[in-house]
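Reckoned from all heavy atoms, side chains included, excluding hydrogens, waters and symmetry mates. Nothing fancy with the numbering, it's 1 onward along the sequence.
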Amino acid sequence: MTQSTKKRITVSDVLTEHIQKWQRGDIITIEAGTGVGKSHFIKNELYPIAKKERARILFFLNRTRLNEQFREEIKRNGKSDVITIILYQKYEWELRKNSAVVKEDYKYIVCDEFHYFLTESRYNKNTEDSFYAMINEKSKIRICMSATADAMIAFFKYKDIQHESYSIPHDYSHIKELIFYQNDKVLEKFLCQIPKNHKVICFTKSSAKAFKLHDTFKDSMFVCSRSGTASEKRYMNKEQVSKMLIDEKFDEQFVFSTSTLDNGINLKDKQIKYLIADIMDVDVLIQCLGRKRIIDKTDTVTVIIKNISNKMLKKLIRDCDRQIEPALYLQEHGASSYVQKYKKQSNRIIYDRPVNNEVGYDKAINDLMFFKEIFDKQFFEQVASEENGYMNYIKTKLQQDAYTILDDRYEKADITDYLDSIIGTRLYKEEQAELIKKVNLRDGRGRQQKDVEQLNIYFQKNSLPYNINNDSKMNKDGRRRLDNGDVNPNYNKRYWILAKHMVFD
């Protein structure tokens, strides 16, 4: 049986027989791809056991829309007697108010999408509070689930937090083709050519970019966070978005969304043929790709991802260092030396902690944010160590044999149109400069190549059926006058001639 036709292994398949072995104080981590029943396991396997034990389940979620959707589902299925839904952010607010209490009858704490603690730490300094509050609930069984658990499991090991791990294999056999792009304009060109009966979900790293695409493509929906600070949120059609969440499909051809839809939302529609992501964090990217749920073996998608060049990766490494180095200095030399060295320089992972001393505070490091910077830096360094490292990493991550680059397709098409327009034309110095600029061939040091031989090699290597003739004896304009009788301004000047040769299959 092939990978695309065999039944996917679900969380219930793997874990149901293990529940009875779990003891109070245990931390269970479940790493499983999207659509393999993590929530189903809690609702249908853990629920009856907890009900029989007269125990309750506290279920943490990380998105307001998902919270509303899931809370309604639990209520509709008559399971709110055992399962209580709470947002991580609400719990963190209660912790700050010193009013957070996990009641005694909660035997199970479920941290859904627990990659939240790390991925959200860049924007929310309070994830450290909810994480350690969960860890300190030692009389409970804590179940942590995610499709992207690698970084959090690494953090558990870093902090020597004992846990029992379960992993369900990922299956990306529904991906028809993997494509990367570099230039946003290239993506827009591609979107213009998608057939009207094919739908697209495009995730972007900013609401401004998502809204710009929405404004360009009229048959589209714009989605961003309702609670965020982005000015574009006023343009979001809330009824339109709510209908999509209820129907688990959308009527428009395009959805342009920020990562606010990165997890828990199911979209079931075989017309969704393209998943596009311009998302920097790989964990969030993988979550975004999981929003389309696969219906059957004929349901396939093309995945298009914005590449992160090695140059950009090196910039990201420097950004990480700017956060990590002051934190390491603080660890080694203490708060007073840190303040003296860095003065008022801001650092997002270092904060003022109230203490009983003469100044009333001390400098402290946010554990999760610190680890996230180190983890990301190591990832960027690993990926940047080889040519096309990011694309090769994603190719392996998504279990693909190959990928194509969208920019190459359009660049080749554009250059072909141009070359066709100058076939047989005499190319003097100015026209030669235009051809050199269009081809833009550069050596390893970034120097533009102007030599005819190098240009011809470029055509050959890229399977372009063209050749520049530069015969120094033949290609010299000996005409004193043009055909219309005017004086020839190019008399005695040398020129190139571009020829196109036949291509045989």
Residue pair Tyr235, Phe211: steps toward the ring-ring contact (aromatic ring centres under 6.0 Å, His included) verdict: CA-CA 8 Å; Tyr235 299 113; Phe211 179 72; 4.5 Å; yes
Qualifying ring pair (Phe, Tyr, Trp, His ring centres under 6.0 Å) pairs, either residue in residues 284-306, two or more places apart: none
Side chain proximity check, Glu252 to His214, heavy atoms < 4.5 angstrom: no
Any donor-acceptor N or O pair under 3.5 Å, side chains Tyr116, Asn124: yes
Donor-acceptor side-chain pairing of Glu92 and Ser130 below 3.5 angstrom: yes
Considering all heavy atoms, the nearest Tyr91-Glu137 contact: OH-OE2, 4.4 Å
Glu113 side chain reached by Leu61 side chain, heavy atoms, under 4.5 Å: no
Ring geometry between Phe180 and Tyr390 (parallel below 30°, tilted from 30 to 60°, perpendicular above 60°): perpendicular
Lys233 and Ser207: side chain donor to acceptor below 3.5 Å: no
Side-chain heavy-atom pair Thr258, Phe203 within 4.5 angstrom cut-off: no
Test: Lys140 cationic atom under 6.0 Å from Tyr106 six-membered ring centre, within 45° of axis: no
Minimum heavy-atom distance between Asn44 and Lys79, given as atom pair plus value: OD1-NZ, 3.3 Å
Flag side-chain contact, heavy atom, 4.5 Å: Leu46 against Ile143: yes
Positive for ring pair (Phe, Tyr, Trp, His ring centres under 6.0 Å) with Phe155, one of Phe114, Phe131, Phe117, Phe375: Phe131
Tyr329/Tyr338 aromatic ring centres below 6.0 Å: no
Point-to-point distance, once rounded to the nearest 0.5 Å, from CG of Asp299 to CD of Gln271: 11.0 Å
Residue list, side-chain hydrogen bond (donor to acceptor under 3.5 Å, both in side chains) with Lys189, at least two apart or on another chain: Asp414
Heavy-atom pair of closest approach, residues Ile135 and Arg142: O-NH1, 2.5 Å
Donor-acceptor pair between Ser165 and Thr29 side chains, under 3.5 angstrom: yes
Polar contact flag, side-chain donor to acceptor under 3.5 angstrom, His115-Ser146: yes
Side-chain heavy atoms of Thr300 within contact of Glu177, under 4.5 Å: no
Reported NZ-to-CD1 distance for the pair Lys90 and Ile85, which is rounded to 0.5 angstrom: 13.5 Å
CZ-CZ distance between Arg122 and Arg348, expressed to the nearest 0.5 angstrom: 4.5 Å
Validation row, ring centre Tyr181 to ring centre Phe190 under 6.0 Å: no
Nearest-0.5 Å distance, CG of residue Leu285 to CD1 of residue Ile305: 4.5 Å
Salt-bridge present (Lys341, Glu325; N to O < 4.0 Å): no
